[in-house]
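To start, the structure itself, in structure tokens.
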Protein chains: 2
Amino acid sequence: MAQDTRTRILNAAGPVFAERGYQKATVREICRAASVNLASMNYHFGQKERLYIETVKQAQRNKIEQVPSPQWQPGTSPAEKLRGFVRTLITRMIGAGEAPWQTRLMMREIMQPTQACQELVQNYFRPQFEILLEILEELLPAETTQSKRHQLAFSVVGQCLYYRVAHEVVALLIDKKEREAHYDAHQLSDHITDLMLAALSAPGSWLTSPQDANTGLKGSADRPGEDTSSQ
Amino acid sequence: MAQDTRTRILNAAGPVFAERGYQKATVREICRAASVNLASMNYHFGQKERLYIETVKQAQRNKIEQVPSPQWQPGTSPAEKLRGFVRTLITRMIGAGEAPWQTRLMMREIMQPTQACQELVQNYFRPQFEILLEILEELLPAETTQSKRHQLAFSVVGQCLYYRVAHEVVALLIDKKEREAHYDAHQLSDHITDLMLAALSAPGSWLTSPQDANTGLKGSADRPGEDTSSQ
DNA sequence: AATTGTTTAAAACGGACGTTTTAATCGTTG
DNA sequence: CAACGATTAAAACGTCCGTTTTAAACAATT
């Protein structure tokens, strides 16, 4: 029974698409998982591709309602906001135990965008990005360049995404004992937040000085792997 | 003519697997791209899966010989080493213009590991990881925890990986003008390096104090999105 | 010359899978 | 009741694709 057939299909399709990927996921498997007849899929969605797009959109809506745009009490320090933001992001990434299929699905879209990606960016990534930028703005000198702020935001997001993207590689590099002791959402988000706050509060003008003026440790003309780039 | 048939197949398979993914890439397309008979594939590799594994391994060997483990003059400052390391990593990620298929291929392995992933970690990721750890060791207080060092290394790698993983999303979030002005390998690596160096040289004991003692800005018991995690 | 390893061309096998169809069954609505 | 939408079961269609096969060349080696 449960819900109507359409949503049963949608809910069953999410994990399957997330785990197997679009190609390897078969309509038959999804319908079997949803305990639904094969013809019902065609009835509701017409084609596999349409089902996929709807699934991604629903995953995004899920996430939005599960973790709405953070709202803090007035007077909350920007540092605390940043910590909360990172905490939320990391939690979405590595989830509570089992792999959150919504995030896996979105990650697939990020790496190999399809038709569903544009809406994803507009409805999900961009708003999050804006919130992060507002938090950073409170922490940064007023003269900080627009592009510098963007890069700093990407630095935050990049560190968070890493633990979803490279989850399996981390498991191969770090032994189980250390992972279980130090790689929960709590400690990871604290690490990333502390790192960012330390960098932002560091002495010197690395944030505002024009590119190429930094801690004064540069100056080597030749660096390894200069232009022997790929291909 | 060129090389022998086997390597022609291998070279043709790389870009195809990287772009289409394992499932969507067809043996027929690869053989067509290699100007090679369909039966030759079977002759040399037996099955598609074997071809894929060999392709990944070759991509890894390519990268290693293209950008060997960095070796600096004795006396090079650790900060300079870090800059070089990040520069190399970023360059591999975003390449010189066109998308480097080797990295795309490896990224696929990272996100959805197959049989080829373990060798990849052993021969490629782990050595790189060790090098980065050595550089960080020179920059860090001696009392820094092992796990803290690891997390810092992941912070570096995560920021670099981001620009390959989310390349398309960045293109949707940042307008073309800013991207062309600020998102080349040079500036991005400088940004990441400067950020890390600033964080490491920041005042206070955020690096060495036990978890939960930090900049003193924490303390909120409830954070948004606490345990409303996915699913 | 004979053998053996490579390569090609062309065709076919066989399975997997997206999609469609048909026929039948309920439940709801008019 | 009749009509219609939703759903199911089962089967089939048609295509794509990994894999295999066959037969024929060609090259290098013995």
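Chain naming here is simple, since letters A, B, ... match the order of the sequence lines and numbering starts at 1 in each. The structure displayed is predicted, hence computed values, not measured ones.
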Next item on the list: Would you mind reading off the distance between B:R50 atom CZ and D:dG18 atom P, rounded to a whole angstrom?
Entry: 18 Å
Item checked: Which residue lies more 5' along DNA chain C, comparing B:R6 with A:A39 via nearest heavy atoms -> B:R6
Might you list the N or O atoms of the protein lying below 3.5 Å from N or O atoms in nucleotides 15-18 of chain C, with each pair's distance?
from, atom 1, to, atom 2, distance (Å)
C:dG18, OP1, A:A25, O, 3.4
C:dG18, OP1, A:K48, NZ, 3.0
C:dG18, OP2, A:V27, N, 3.0
C:dG18, N7, A:R28, NH1, 2.7
C:dG18, O6, A:R28, NH2, 3.0

Notebook entry, point to check: A:F45 CZ to C:dT20 C1': how many Å, rounded?
Noted result: 18 Å
Next item on the list: Using side chain to side chain contact (heavy atoms under 4.5 Å, CB included) as the criterion, point out the one residue from A:R92, A:K63, A:R61 that pairs with A:Q102.
Entry: A:K63
Notebook entry, point to check: For C:dT7, does either OP1 or OP2 sit under 4.0 Å from a side-chain N or O belonging to B:T5?
Noted result: yes
Next item on the list: State, without any angle test, whether B:T193 and B:D190 hold a side-chain donor-acceptor pair at a distance under 3.5 Å.
Entry: no
Notebook entry, point to check: Under 3.5 Å, side chain of B:T114 to main-chain N/O of B:A116, donor-acceptor pair present?
Noted result: yes
Check: Which of parallel (below 30°), tilted (30 to 60°) and perpendicular (above 60°) describes A:Y163 and B:F154?
Finding: perpendicular
Item checked: salt bridge (Lys or Arg N to Asp or Glu O under 4.0 Å) contacts touching residues 106-123 of chain A (sequence neighbours left out) -> A:K57-A:E119
Note to self: Among residues at least two apart in sequence or on other chains, which ones pass salt bridge (charged side-chain N to carboxylate O under 4.0 Å, His left out) with B:R179?
What the structure shows: none
Checklist line | Length of the line joining B:R20:CZ and D:dG18:P, which is rounded to integer Å | finding: 12 Å
Note to self: At less than 4.0 Å, is any side-chain N or O atom of B:N42 found next to OP1 or OP2 of D:dT19? Yes or no.
What the structure shows: no
Check: Atom CZ of A:R32 and atom P of D:dT8: how far apart are they, to the nearest Å?
Finding: 15 Å
Next item on the list: Let me know the distance between CG of A:N37 and P of D:dA11, rounded to the nearest Å.
Entry: 13 Å
Next item on the list: Spell out, as yes or no, whether a donor-acceptor pair under 3.5 Å connects the side chain of B:T55 to the backbone of B:L51.
Entry: yes
Next item on the list: Scan residues 33-45 of chain B for pairs that pass side-chain hydrogen bond (donor to acceptor under 3.5 Å, both in side chains), counting only residues two or more places apart or in two chains.
Entry: none
Output one line per pair: protein atom, nucleotide atom from nucleotides 23-25 of chain C, and distance, for all N/O pairs under 3.5 Å.
none

For residues 14-30 of chain B, tabulate all N or O donor-acceptor pairs below 3.5 Å that involve a side-chain atom, not counting sequence neighbours.
from, atom 1, to, atom 2, distance (Å)
B:R20, NE, B:E29, OE1, 3.2
B:R20, NE, B:E29, OE2, 3.3
B:R20, NH2, B:E29, OE2, 3.1
B:Y22, OH, B:E49, N, 3.3
B:T26, OG1, B:E29, N, 2.9

